[in-house]
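So the structure is just underneath, and the comments pick up after that.
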Amino acid sequence: MTVEAVPVGQVCNLKCTYCYENTMREAGNLGGSYDLDAMIKTLREEGQQFTVFGGEPLLMKFPDLERLLQFGFETYKGNGIQTNGALIEDRHVELFKRTNTYVGVSIDGPGELNAARPPKENTEKTLRNIEIMVKSGVGVGLIVTLNYHNAAGGRLEYLKSWFRELDKLGIKSARLHLLEGHHARDIELSKEDTLKAFLELYRFEMRELKNLRFDKFDEMLSLLSNDGKNVSCVWNDCDPYTTNAVRGVNGDGSRSNCGRANKEGVDWVKANSSSHIRQLALYHTPQSDGGCGDCRFFLVCRGYCPGTAIDQDWRNRTEHCETLKDIYGVLEEALLNVHKTPISLSPDRKQLEMDLLAKLGNNSVVRNQVHIDWHMNNGVFTGTVPVK
Ligand code: SF4
Ligand code: SF4
């Protein structure tokens, strides 16, 4: 679970066309003012390390940012911050070092590869700042969103040469994001280009990179192998009204959810209890109606992040479904080639799905509804299906 401190709300110095926070901006729910005492009180109650988030958190007044990060360092021994990197100055680098702050930078590549994140003069500044931070000993990771500008046609080679440079620089982590198409259809990759880009980067990571890792492939392989390793929230039955993986702390100290789930432009107050109704409904809904019915990857996907749902409606499965199926299909073969059976092809798959549904049902508001495949056993719902 991540605690996100959001002092400046959705206010940002860039105008990225695909930003999922644009829904909030268009609705006029920008936020932008903060009361540090109120935030620190709530962050203390949360009792764990936090990441400063935005919008662009470096729009905070420097002394306020310093106080926030110093509080995090003294209380929790370190911090995170997620930034577009363009506003970083020497004093920020010194502050990050002094307060053991890990810096996540969102950037899609050098030059034209970063065209979805205007204005373009900021790209050079961000690249320079990444280098300065790494050479100064600040921990840096990247978020790279694959889109038409950085992964279509020959630009994929350009992206790979940039990753080679980052690898040499010593950066260890880059999270590859799938573009949320409903914000930016014009720069969406075709299904074929998305698969090509992912597979090319998967092979590239294995064959050429020494330091840099793209977490998506590790997570998907780990899920297919059923090895129990921790994976990110998108695979973890997220409820859009509680987003258990994210506890936001707003500028006034109130609590909120992950912004990716705010599709109506409203930052809903965090609900007190969570529900798995999305995953249960998706399992039982045919794919022709927006669900995941009969998908062999349900155990390892469960409809993915509700913030990426078809038509921005969390009741639907993700709009990335076809891409995920393609990638999982390739990873299945990779496991079979080393004589491992992916969970998606396990003869026990149906029983494992029933066990999962029972688990989700026990922690959900739908547990009072009896499903035909479930029965009560010592007050716990369980499911049993014949294994063919
Ligand atoms: S909405 Fe998506 S990104 Fe946000 S916590 Fe849920 S799964 Fe994660
Ligand atoms: S791959 Fe598609 S159909 Fe299968 S579980 Fe994921 S979103 Fe649902």
Side-chain angles (χ1 to χ4, degrees), residues 1-4 6 19-21 23-24 51 53 82 104 106 143 145 175-183 191 194-195 198 215-216 219-220 223-224 230-248 255-264 266-268 270-271 274-332 342-345 349-350 352-353 356-357 360:
M1 194 259 290
T2 314
V3 176
E4 291 179 359
V6 197
C19 180
Y20 63 81
E21 292 181 359
T23 337
M24 296 282 291
T51 296
F53 219 80
Q82 186 63 42
S106 306
I143 289 182
T145 300
R175 182 163 283 246
L176 298 176
H177 271 197
L178 288 158
L179 179 85
E180 259 188 61
H182 34 248
H183 297 298
K191 178 173 165 319
T194 307
L195 181 63
F198 269 101
D215 55 356
K216 205 163 220 77
E219 289 192 349
M220 292 175 88
L223 285 160
L224 279 179
N230 283 341
V231 289
S232 57
C233 57
V234 291
W235 314 109
N236 267 336
D237 310 313
C238 179
D239 165 24
Y241 294 119
T242 43
T243 65
N244 280 340
V246 174
R247 294 182 63 81
R255 290 179 172 87
S256 59
N257 291 318
C258 168
R260 202 173 276 271
N262 289 338
K263 294 308 181 213
E264 298 102 331
V266 179
D267 199 4
W268 299 110
K270 211 174 225 339
S274 69
S275 155
H276 289 130
I277 197 165
R278 176 172 189 259
Q279 294 73 31
L280 293 168
L282 286 175
Y283 183 83
H284 293 289
T285 304
Q287 293 185 39
S288 55
D289 294 326
C292 297
D294 292 327
C295 175
R296 73 177 189 276
F297 298 118
F298 188 78
L299 285 170
V300 293
C301 175
R302 306 176 199 175
Y304 200 65
C305 162
T308 66
I310 295 169
D311 294 338
Q312 304 187 62
D313 183 336
W314 58 262
R315 294 171 296 179
N316 292 325
R317 70 177 182 273
T318 178
E319 63 173 10
H320 303 310
C321 170
E322 294 306 313
T323 299
L324 297 177
K325 280 180 181 167
D326 285 344
I327 300 173
Y328 269 132
V330 171
L331 297 178
E332 268 181 345
I343 194 171
S344 50
L345 297 177
R349 177 170 68 82
K350 280 285 171 195
L352 292 169
E353 287 174 4
L356 171 68
L357 292 186
L360 294 175

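This is a predicted model, so every value here is computed, not measured. Keep in mind that the numbers below use all heavy atoms, side chains included, and drop hydrogens, waters and symmetry copies. As the structure lists them, so they are numbered: ligands from 1, and atoms in each ligand from 1.
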Candidate pair Asp239 and Thr242, rule side-chain hydrogen bond (donor to acceptor under 3.5 Å, both in side chains), full reasoning: CA-CA 6 Å; Asp239 165 24; Thr242 43; 2.6 Å; yes

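- Under the 4.5 Å side-chain criterion, counting only non-hydrogen atoms from C-beta, Leu178 is in contact with Tyr304.
- The closest protein non-hydrogen atom to atom 3 (S) of ligand 1 is Arg260 CD, 3.5 Å.
- Proximity annotation for atom 1 (S) of ligand 1: of Gly248, Ala309, Cys233, Cys305, Cys305 comes nearest, heavy atoms only.
- Between Phe298 atom CZ and Gln279 atom CD the span is 6.5 Å, to the nearest 0.5 Å.
- If you take CD1 on Ile277 and CZ on Arg315, they are separated by 10.5 Å, rounding to the nearest 0.5 Å.
- Heavy-atom proximity to Cys238, at under 4.0 Å, picks out these atoms of ligand 1: 1 (S), 5 (S), 6 (Fe), 7 (S).
- For atom 6 (Fe) of ligand 2, protein N/O/S neighbours under 2.8 Å (waters excluded) are Cys301 SG.
- Heavy atoms from other residues, nucleotides or ligands lying under 6.0 Å from CG of Asn230 number 12 at most.
- Taking every non-hydrogen atom of Cys258 and a distance limit under 4.0 Å, the qualifying atoms of ligand 1 come out as 1 (S), 3 (S), 4 (Fe), 5 (S).
- In this structure, the side chains of Tyr283 and Arg302 stay at 4.5 Å or more apart for every pair of heavy atoms.
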Under the side-chain contact (heavy atoms from CB on, under 4.5 Å) rule, what do Ile143 and Gln82 come out as? Steps first, then yes or no, please. CA-CA 9 Å; Ile143 289 182; Gln82 186 63 42; 3.7 Å; yes

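- Near Val234, meaning under 4.0 Å from any of its heavy atoms, are these atoms of ligand 1: 7 (S).
- Taking 4.5 Å as the limit, every side-chain heavy atom of Asn257 sits out of range of all side-chain heavy atoms of Arg247.
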